[in-house]
Number of protein chains: 2
Amino acid sequence: MIGVMALEHAILVSLLEKPGSGYELARRFERSIGYFWTATHQQIYRVLKRMQNDGWVDVRDVPQQGRPDKKEYSVADLGRAALASWLHDPTEPESVRHDLAVKIRGAAFDEDPAALIREVERHRQAHQDRLARYLAGEERDFTGPEASAAGPRTPLDAQRELQHVVLRGGIAYERMMIDWLDDVLATLARFGPDR
Amino acid sequence: MIGVMALEHAILVSLLEKPGSGYELARRFERSIGYFWTATHQQIYRVLKRMQNDGWVDVRDVPQQGRPDKKEYSVADLGRAALASWLHDPTEPESVRHDLAVKIRGAAFDEDPAALIREVERHRQAHQDRLARYLAGEERDFTGPEASAAGPRTPLDAQRELQHVVLRGGIAYERMMIDWLDDVLATLARFGPDR
DNA sequence: GCTTGCTATGCAACGAGTTGCATAAGATGA
DNA sequence: TCATCTTATGCAACTCGTTGCATAGCAAGC
């Protein structure tokens with residue numbers, strides 16, 4: 001069997017980067033980690049419970065003032081081992097799912113091509129927005145004096161560099177999508193006037 | 001509610017392009033359509049049955065020689081209408097799922113960085129292979145005299161053009177991934193020697 | 001006092017997708 | 001003859017992911 005159930009592993013990585021509650025994890029899955037892995041809070045709570053039963057994470061009750069108490073999770077030795085084992089196992093490249101591509105091919109059988117143009121423009125805007133968010137995050141987190149400083153390299157440098165290269169992947173993806181959607185719009189424009 | 005259950009719609013598009021059996025559809029989902037939407041034969045048979053019950057497709061028993069008989073499905077009026085309605089509904093941009101990205105960020109907490117390098121190289125190879133397949137398909141299906149011929153445009157031209165622009169999207173995606181994985185490998189190389 | 005909103009956790013039901021297995025007809029080759 | 005491969009269809013069980021709903025504490029504004 002090859003590479004399944006990655007939500008556990010995404011949570012382990014996130015908790016290694018910084019321990020936190022289910023709620024905080026859900027927040028992270030809306031940004032940062034969420035750039036390449038999505039999860040809702042229900043899913044996270046359910047998986048956290050299972051991970052706790054399996055001894056992958058430890059829990060600590062943290063009383064808070066001005067807001068409800070929380071349970072702070074951190075990675076246990078068993079969790080660390082599980083992550084390492086998964087890291088060393090080969091994973092299949094993701095299978096792609098693009099319903100926009102289905103729609104584009106479906107448009108050949110549609111009476112109203114203008115509808116698809118609007119839809120493609122909506123998607124283009126969404127990717128443009130994401131790109132702007134990613135670039136702002138890069139500016140915020142990965143520029144400045146320490147970014148290219150000389151000197152001895154620490155494990156924290158490695159962590160930063162790896163986060164950065166993943167973010168660059170997100171940026172490259174959004175740019176590619178915007179270019180492709182422009183290609184789609186140009187193609188649709190070539191066919192629109194004739195019909 | 002916004003855009004769910006797209007397998008039905010992918011099947012409708014494929015059957016509009018050419019009627020066929022569940023088995024044939026499963027084959028198409030390993031190439032062509034499969035470039036942007038995956039499905040196993042069990043899933044396809046189950047969904048075809050539901051679509052038949054809903055009156056979206058018609059079935060015709062086709063006896064064959066030298067092999068088992070098949071059921072050939074084609075799109076009914078209700079199916080055409082269902083597809084049109086889905087095409088005109090907005091769909092959310094796909095949420096991304098890249099377990100390789102999880103692994104890369106996880107590598108910051110791993111003792112053995114060489115394992116990740118091997119994994120990234122495996123993925124790079126897989127994307128290289130897919131790119132070669134796509135380019136071969138483009139060469140086969142979208143070059144030649146009729147590709148850029150002048151003259152009146154038919155619905156078939158539109159169908160071809162739309163298939164082509166979707167394929168170009170796949171090509172752009174694979175190229176972007178290969179470039180990014182090179183970036184990842186270069187980043188890992190910068191950190192490897194130190195540790 | 002009431003509503004609205006944010007933090008924080010959770011259950012129940014459902015739909016989507018995967019995996020393993022079963023069946024059956026004919027083709028191919030040892 | 002027997003095993004294996006390809007075409008062709010399907011069931012059952014399971015996991016994964018989403019949606020709707022519920023609860024509860026505290027804050028802010030009307």
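The basis for the numbers below is simple: all heavy atoms, side chains too, and nothing from hydrogens, waters or symmetry mates. Here is how names work: the chains are called A, B, and so on, in the same order as the sequence lines, proteins then strands, and each is numbered from 1. What you see is a predicted model; the values in this text were computed from it and never measured.
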Distance-only donor-acceptor test, R97(B) side-chain atoms vs dG17(D) base atoms, 3.5 Å: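 There is none.
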Check if the side chain of R46(B) and the base of dG17(C) share a donor-acceptor pair of N or O atoms closer than 3.5 Å.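 In this structure, the two groups form a donor-acceptor pair.
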Between [atom2] on [N] and [atom1] on [X], what's the gap in Å once rounded to a whole number?
| X | N | atom1 | atom2 | answer |
| --- | --- | --- | --- | --- |
| E30(A) | dC6(C) | CD | P | 12 Å |
| R60(A) | dA8(C) | CZ | P | 14 Å |
| I44(B) | dT7(D) | CD1 | P | 15 Å |
| L7(A) | dT18(C) | CG | C1' | 17 Å |
| R28(A) | dA8(C) | CZ | P | 12 Å |
| Q64(A) | dT7(C) | CD | C1' | 8 Å |
| L48(B) | dT9(D) | CG | P | 9 Å |
| D61(A) | dT7(C) | CG | C1' | 16 Å |

Salt bridge (Lys or Arg N to Asp or Glu O under 4.0 Å) partners of K70(B), counting only residues at least two apart: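 E24(B).
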Output all residues satisfying salt bridge (Lys or Arg N to Asp or Glu O under 4.0 Å) with E30(A), sequence neighbours left out; order by chain, then residue number.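 So E30(A) forms a salt bridge (Lys or Arg N to Asp or Glu O under 4.0 Å) with R27(A).
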dG10(C), dA13(D), dT7(C): which one has an atom nearest the side-chain heavy atoms of Y45(A)?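 Side chain of Y45(A) sits closest to dG10(C).
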Of the candidate nucleotides dG17(C), dT9(C), dT7(D), which contains the atom at the shortest distance from the side chain of Y23(A)?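 Closest nucleotide to the Y23(A) side chain: dT9(C).
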Output all residues satisfying side chain to side chain contact (heavy atoms under 4.5 Å, CB included) with R175(B), sequence neighbours left out; order by chain, then residue number.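 Per chain and number, R175(B) pairs via side chain to side chain contact (heavy atoms under 4.5 Å, CB included) with L131(B), L135(B), I171(B).
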Results of side chain to side chain contact (heavy atoms under 4.5 Å, CB included) for I117(A) - residues two or more places apart only: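 Side chain to side chain contact (heavy atoms under 4.5 Å, CB included) check on I117(A) returns E121(A), L185(A), L188(A).
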Kindly say whether T91(A) contributes a backbone atom to a donor-acceptor pair with the side chain of R122(B) at under 3.5 angstrom?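 Yes; at least one donor-acceptor contact below 3.5 Å.
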I need the residues from residues 69-76 of chain A with at least one non-hydrogen atom less than 4.0 Å from DNA chain C; give them sorted by number, or say none.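 Output list: D69(A), K70(A), K71(A).
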For a quick test of reading the model: is some side-chain N or O of Q43(A) closer than 4.0 Å to OP1 or OP2 of dC16(D)?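 Answer is no, no contact under 4.0 Å.
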If you compare every side-chain N and O of R27(B) against the phosphate oxygens of dT7(D) (OP1, OP2), does one of them come in below 4.0 Å?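 Answer is yes, contact under 4.0 Å.
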Could you name each residue pair satisfying salt bridge (Lys or Arg N to Asp or Glu O under 4.0 Å) that touches residues 53-63 of chain B, not counting sequence neighbours?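 Salt bridge (Lys or Arg N to Asp or Glu O under 4.0 Å) check on residues 53-63 of chain B returns R60(B)-E72(B).
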Do the side chains of L116(A) and D110(A) get nearer than 4.5 Å, heavy atoms only?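 Side chain of D110(A) against side chain of L116(A), heavy atoms only: no contact under 4.5 Å found.
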For DNA chain D, whose closest nucleotide is more 5', that of S21(B) or that of T38(A)?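 Of the two residues, S21(B) wins.
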With sequence neighbours left out, which residue pairs that include part of residues 104-127 of chain B fulfil the ring-ring contact (aromatic ring centres under 6.0 Å, His included) condition?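 Every pair satisfying ring-ring contact (aromatic ring centres under 6.0 Å, His included) with a residue in residues 104-127 of chain B: there are none.
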State which residues pass ring pair (Phe, Tyr, Trp, His ring centres under 6.0 Å) with Y45(A); sequence neighbours excluded, sorted by chain then number.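 Partners of Y45(A) by the ring pair (Phe, Tyr, Trp, His ring centres under 6.0 Å) criterion, ordered by chain and then number, come out as H41(A).
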Tell me yes or no: between the side chains of R46(B) and Q42(B), is some donor less than 3.5 Å from an acceptor?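 Judged by distance alone, the side chains do not pair up.
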Per-nucleotide protein contact string for nucleotides 21-30 of chain D (B base, S sugar-phosphate only, - none; heavy atom under 4.0 Å): B---BS----
